[in-house]
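Take a look at the structure below.
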Amino acid sequence: MKSLFLLFLTTVALCALEIGKPLPKLTLSGDEGGTIDGSAFDSDTPRGKVHIIFYVDPDEKDLNNAFSDALKAENLDRSRYASVAVI
């Protein structure tokens, strides 16, 4: 999965990104990645919300717990905020 994350970062880095402009669309499916339920991940899906992105190394899965717990304690409005995990 580290290679998937690096592929994502490389793809984004090669695109002409501009402040205030939406990121280019990204779709991951099959061997490239996807969602927990096996469907394709589409970067258009989370639009309209602030997203917290967690990178989770399977060998260090508890490393983000303190930050995750602090976010939960804030009781953020789930209609405006969401989280995404890259595993």
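Residue indices begin at 1 and follow the sequence shown. Since the structure is predicted, the reported quantities are computational estimates derived from the model, not experimental observations.
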Minimum heavy-atom separation for [X] and [Y], please, with both atom names.
| X | Y | value |
| --- | --- | --- |
| K25 | D42 | CE-OD1, 3.2 Å |
| A40 | T35 | O-CG2, 3.8 Å |
| A82 | K49 | CB-CD, 4.0 Å |

Problem set entry | Nearest-0.5 Å distance that lies between atom CD in E32 and atom CZ in F41 |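 The CZ atom of F41 is 13.0 Å from CD of E32, to the nearest 0.5 Å.
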Exercise. Roughly how far, to the nearest 0.5 Å, is the CG atom of D57 from the CG atom of D62?
Worked result: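 Those atoms lie 11.5 Å apart.
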Exercise. Under a 4.5 Å side-chain heavy-atom rule over Ile, Leu, Val, Met, Phe, Trp and Tyr, are L63 and F54 clustered together?
Worked result: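 No; tracing contacts between hydrophobic side chains, which count when under 4.5 Å, never links both residues.
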Problem set entry | Residues I52, F67; criterion side chain to side chain contact (heavy atoms under 4.5 Å, CB included); working and verdict | CA-CA 11 Å; I52 296 102; F67 183 69; 3.8 Å; yes
